[in-house]
Amino acid sequence: MDWLISLATFLVNEILSQPAYLIGLITAAGLIALKKTAGQVVGGGLKATLGFLLIGAGAGLVVSSLAPLGGMIQGATGAQGVIPTNEAIVGIAQDRFGARVAWLMILGFAVALVLARFTPLRYVFLTGHHMLFMATLLTMVLATSGRSSVSVVVVGGLLLGILLVAMPAFAHPWTKRITGNNSIAIGHFGTAGYILSGAAGQFVGRRSRSTEDMKLPEGLRFLRDSMVATALSMVLIHVIMSLVYLAEAGRATAFKAFAAEGGSAATDLGNYVMQSVMQGLKFGIAVAVILFGVRTILGELVPAFQGIAGKLVPGAVPSLDAPIVFPYAQNAVLIGFLASFLGGLVSLALLTWIGHPAFGLALVLPGLVPHFFTGGAAGVYGNATGGRRGAVVGAFLNGVLITFLPALLLKVLGAFGKENTTFGDADFGWLGTLLGNAAKAGATGGTIAMLAIGAVLLGAAILFQKRVVDTGWDPGARRDALLSREASAPAGQATVVVRTHTKIAPPPGAPTPPPPPEGS
């Protein structure tokens with residue numbers, strides 16, 4: 001029995017939880033199904049792996065750049081509380097529940113493939129680390145409620161499999177609005193924030209121009225380069241916050257802000273300011289690396305995926321990590337990050353004023369990493385349906401979600417609720433809170449309630465797929481029609497002609513729409 005546990009742990013920790021390996025193997029399998037040569041199979045699989053490693057390298061640079069900034073913000077505001085970090089809480093839980101997480105994840109992935117094959121939900125979830133995060137959350141909720149190991153694995157595996165096909169379906173109309181075709185789906189457990197952002201964009205942004213249509217003065221045309229604009233914006237943020245932190249904490253403490261991870265303490269004020277400038281520039285590099293990685297993986301994975309789709313899951317759509325949408329609206333990524341972070345600050349103030357005193361909710365500090373990745377993606381979704389206004393409002397609401405939901409989640413995690421960290425993305429919050437409260441109904445009643453929640457999610461996703469996704473509903477169609485009428489109004493009639501987002505041109509290497517069916 002020990003060797004089975006060791007094998008399961010190896011598969012989860014060394015392969016299935018490593019998205020680069022998972023994507024490389026799937027790409028290679030697709031190329032084999034397409035009867036490519038051995039060289040093409042090896043080259044395509046390796047290039048897809050390298051593309052995901054590029055995304056990981058960029059994400060690592062983002063984390064290292066934002067970590068000192070987060071410390072300065074905390075030091076300047078004096079707030080103490082929980083900082084949501086998926087990797088941290090997963091690492092803590094692995095010490096107690098490692099084997100159960102491994103089996104749950106394997107069963108969940110198998111259930112997801114079966115559902116993708118035999119239901120209309122033809123989505124294959126390829127974001128390996130998020131599968132691991134969700135498997136860990138389900139294990140924590142089920143195990144801390146006193147259930148046996150078998151019950152944890154079986155019930156959790158069924159729920160995980162449902163989530164892996166249901167969540168991409170719920171977001172797919174908005175995802176297709178971004179990409180312009182059906183080639184990819186979103187496979188990231190911040191889906192609730194993306195749907196909310198896209199819906200908010202529909203509501204508030206009927207006449208708002210796209211973030212990508214920003215007209216700059218001639219002297220500021222260099223800001224059209226997204227890497228330059230991102231780096232400059234982050235340099236300003238770092239410098240301003242470093243000066244605020246200096247005023248609050250004093251030189252002795254502030255000069256050590258950038259000394260972590262092999263850095264050195266500032267020697268004087270000039271060196272301190274220039275260290276903050278360098279951190280902002282590193283952030284710009286990180287975003288550029290992520291975007292290049294996305295383009296690389298798109299160029300390899302999507303053609304190869306056609307091979308797997310034809311063999312295992314006909315009509316399958318790959319569900320990929322949140323940065324997959326970044327190249328479609330690069331200005332919206334930065335706007336979304338800033339708006340989401342602002343939403344987190346406002347929500348923190350509300351928690352401090354009302355939530356903590358009245359309901360005993362923890363103070364959830366705005367973690368810059370979840371706000372960058374989920375907020376940036378939310379900005380793209382909001383921009384797709386509501387232009388600049390949609391990007392700002394949608395991402396702000398995402399920031400509110402990923403502040404309040406983790407605070408509620410902590411109430412149902414038992415001893416883990418006393419840790420200084422928790423899960424940071426929206427779907428972990430609402431699902432964990434829902435399941436945690438259902439588990440309180442007892443061993444049998446709680447299990448029935450949780451399986452009922454899974455069944456409702458699956459049924460709703462299938463219905464949504466048939467009635468909304470498959471019918472081709474476009475969440476921005478009404479806005480496009482309105483703007484089209486305004487643009488074509490007779491001369492002399494008072495109109496407001498606004499350039500806006502209709503279909504964003506895909507980045508280099510992005511998948512092209514499939515050919516129309518014969519006879520259409």
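- Legend: residues meeting side chain to side chain donor-acceptor pair (under 3.5 Å) with Gln202, ordered by chain and number and at least two apart, are Trp174.
- Qualifying salt bridge (Lys or Arg N to Asp or Glu O under 4.0 Å) partners for Lys411, counting only residues two or more places apart in sequence or in other chains: none.
- Counting only distance, with no hydrogens or angles, the side chain of Glu212 and the backbone of Gln330 share a donor-acceptor pair below 3.5 Å.
- Smallest separation of non-hydrogen atoms from Thr49 and Gly24: OG1-CA, 3.2 Å.
- Partners of Ser340 according to the side chain to side chain donor-acceptor pair (under 3.5 Å) rule, which considers only residues two or more places apart in sequence or in another chain, are His371, Asn398.
- Taking the six-membered ring where the residue is Trp, His130 and Phe428 present tilted rings, their angle falling between 30° and 60°.
- Residues Thr119 and Val165 fail the side-chain proximity criterion, which asks for heavy atoms closer than 4.5 Å.
- Considering only heavy atoms from C-beta on, Leu405 stays 4.5 Å or farther from Leu409 through its side chain.
- Here the CZ-CG distance, from Arg117 to Leu113, works out to 11.5 Å after rounding to the nearest 0.5 Å.
- The distance between the ring centers of His188 and Phe133 does not fall below 6.0 angstrom.
- Inspection of the Thr175 and Tyr381 side chains reveals an N or O donor paired with an N or O acceptor under 3.5 Å.
- For Ser242, the side-chain contact (heavy atoms from CB on, under 4.5 Å) partners two or more places apart in sequence, or in a different chain, are Met72, Tyr272, Ser276.
- When the side chain to side chain donor-acceptor pair (under 3.5 Å) test is applied to His172, the partners found at least two apart in sequence or on another chain are Asn182.
- Annotation: side chain of Ser210 is not in contact with side chain of Arg388 (no heavy-atom distance under 4.5 Å).
- In this view, Trp430 and Asp427 satisfy the side chain to side chain donor-acceptor pair (under 3.5 Å) rule, not counting sequence neighbours.
- Taking the ring centroids of Phe170 and Phe464, they lie under the 6.0 Å cut-off.
- We find the CG-CG distance between Leu115 and Leu158 to be 9.0 Å, quoted to the nearest 0.5 Å.
- Using a 4.5 Å heavy-atom cutoff, the side chains of Phe423 and Met140 are in contact.
- If you take CG on Leu408 and CZ on Phe359, they are separated by 10.0 Å, rounding to the nearest 0.5 Å.
- Of the inter-residue distances, the one linking Arg177 atom CZ with Asp474 atom CG reads 4.5 Å to the nearest 0.5 angstrom.
- Annotation: side chain of Leu401 is in contact with side chain of Leu196 (closest heavy-atom distance under 4.5 Å).
- Side chains of Thr179 and Ile184 form a contact here, defined as non-hydrogen atoms less than 4.5 Å apart.
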